[in-house]
Q: 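Once you've had a glance at the structure underneath, I'll fire off some questions.
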Amino acid sequence: EVVPNLELYLDSSGSMPNPIEQMSLPVLAGFVVAKKAHRRGATINATNFSGSYESTGHTRDLKKIFDYLVTYFEGGTSFPEEMLLEKADPKQAVIITDGEFANAREVAEAIKELKSRNSKNYVTIYAINQMGSASHLRNAGAEVICGTTTDIFKKVLGKAEEVYTR
């Protein structure tokens with residue numbers, strides 16, 4: 001069985017909680033999914049995004065991943081769609097955000113390309129608020145789940161259990 005690599009994207013825009021100053025369920029969810037993927041032997045690329053982004057690159061170093069997840073940019077919400085297309089197939093992309101992507105059209109195109117490249121590539125977007133572009137992103141091939149912070153936390157953990165506990 002091939003274990004998909006984990007592409008973990010965490011929104012650190014100004015509307016997300018600063019994990020240095022308060023408890024952040026999105027960051028905690030990222031920690032848990034990274035740990036589960038790591039246990040199954042996946043490589044993990046953690047990307048923290050806002051108006052800019054920082055990425056670990058594909059690694060198995062959990063400390064490095066955790067350090068990136070607590071980075072806080074406090075900018076806008078622009079998703080680094082070019083990162084989604086970096087080679088490392090098959091992959092499970094987990095995107096945790098609280099709102100709309102400023103570049104939703106480009107994100108949808110990247111998802112289409114990723115899905116067409118390998119049928120084992122999956123993208124799940126967890127949005128703490130409703131997304132106006134949800135249907136467009138679903139049509140591109142992403143699973144889009146909207147809910148409260150607690151709902152999203154539980155659903156991220158459920159997906160991690162489904163994909164990385166077999």
Side-chain angles (χ1 to χ4, degrees), residues 1-12 19 24-49 53-71 77-98 101 103-128 131 133-147 150-166:
E1 174 187 6
V2 176
V3 176
N5 294 307
L6 174 63
E7 296 277 335
L8 178 59
Y9 298 90
L10 183 64
D11 178 352
S12 67
S24 172
L25 286 179
V27 169
L28 184 57
F31 287 165
V32 173
V33 72
K35 182 75 172 169
K36 286 185 177 290
H38 185 268
R39 280 190 189 143
R40 290 280 292 144
T43 62
I44 301 148
N45 182 23
T47 302
N48 192 305
F49 71 95
Y53 67 90
E54 288 184 4
S55 178
T56 60
H58 292 277
T59 184
R60 298 223 354 109
D61 182 345
L62 285 175
K63 172 140 179 29
K64 183 177 183 180
I65 292 162
F66 297 163
D67 287 345
Y68 271 74
L69 291 179
V70 297
T71 300
T77 308
S78 183
F79 183 79
E81 77 280 352
E82 67 278 4
M83 294 294 301
L84 196 58
L85 296 174
E86 286 190 356
K87 299 287 185 198
D89 298 342
K91 66 175 76 175
Q92 172 70 50
V94 172
I95 303 167
I96 303 172
T97 184
D98 70 341
F101 300 132
N103 57 336
R105 182 176 311 199
E106 292 85 355
V107 174
E109 289 303 316
I111 291 167
K112 277 185 200 172
E113 185 177 332
L114 181 71
K115 295 287 291 176
S116 69
R117 192 170 76 199
N118 186 321
S119 64
K120 301 279 188 207
N121 285 335
Y122 296 98
V123 177
T124 308
I125 301 169
Y126 297 92
I128 294 165
M131 295 182 82
S133 61
S135 63
H136 189 60
L137 295 167
R138 283 185 186 108
N139 290 339
E143 179 180 12
V144 180
I145 299 168
C146 301
T150 305
D151 291 339
I152 293 303
F153 177 75
K154 291 175 184 175
K155 290 177 183 191
V156 170
L157 299 188
K159 178 63 82 172
E161 193 72 22
E162 175 189 321
V163 174
Y164 294 109
T165 306
R166 295 187 183 164

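As the structure is a prediction and not an experimental result, all values here were calculated from the model.
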Q: To the nearest 0.5 Å, what is the distance between OH (Y126) and CD (E143)?
A: 6.0 Å
Q: Looking at T56 and I65, what are the two nearest heavy atoms and their distance?
A: CG2-CA, 4.0 Å
Q: I need the L10 CG to T47 OG1 distance, nearest 0.5 Å.
A: 10.0 Å
Q: Is there a donor-acceptor contact under 3.5 Å from the side chain of N5 to the main chain of I44?
A: no
Q: Once side-chain contact (heavy atoms from CB on, under 4.5 Å) is applied, do any residues pair with K154, and if so which ones, sequence neighbours excluded?
A: T150
Q: Output all residues satisfying side chain to side chain donor-acceptor pair (under 3.5 Å) with D151, sequence neighbours left out; order by chain, then residue number.
A: T148
Q: Quick one: which residue pairs count as a side chain to side chain donor-acceptor pair (under 3.5 Å) with a foot in residues 79-97, not counting sequence neighbours?
A: D11-T97, Y53-E82, E81-N103, D89-R117, D89-N121, Q92-T124
Q: Keeping the roles fixed (side chain from N48, backbone from E54), state whether a donor-acceptor pair exists under 3.5 Å.
A: no
Q: Tell me which donor-acceptor pairs under 3.5 Å the side chains of residues 25-38 have, and how far apart each pair is, sequence neighbours excluded?
A:
| residue | atom | partner | partner atom | Å |
| --- | --- | --- | --- | --- |
| K36 | NZ | E161 | OE1 | 2.8 |
| H38 | NE2 | R60 | O | 3.0 |

Q: List the residues meeting side chain to side chain donor-acceptor pair (under 3.5 Å) with Y9, not counting sequence neighbours, and say none if there are none.
A: E7
Q: Just by distance, do the side chain of T43 and the backbone of H58 share a donor-acceptor pair under 3.5 Å?
A: no
Q: Calculate, to the nearest 0.5 Å, the distance between atoms NZ and CG belonging to K115 and L84 respectively.
A: 11.0 Å
Q: Looking at every non-hydrogen atom in both residues, tell me the closest pair between P4 and Y164 and how far apart they are.
A: O-OH, 3.0 Å
Q: Where is the tightest heavy-atom contact between H136 and A104, given as atom of each residue plus distance?
A: CD2-O, 4.5 Å
Q: Checking T71 now: which residues fulfil side chain to side chain donor-acceptor pair (under 3.5 Å) with it, not counting sequence neighbours?
A: none
Q: Hey, what do you get for CZ (F66) to CG (D61), rounding to the nearest 0.5 Å?
A: 9.5 Å
Q: Mind checking whether F79 and F49 have parallel, tilted or perpendicular rings, split at 30° and 60°?
A: perpendicular
Q: Give the minimum heavy-atom separation between L69 and P19, together with the two atoms involved.
A: O-CG, 4.4 Å
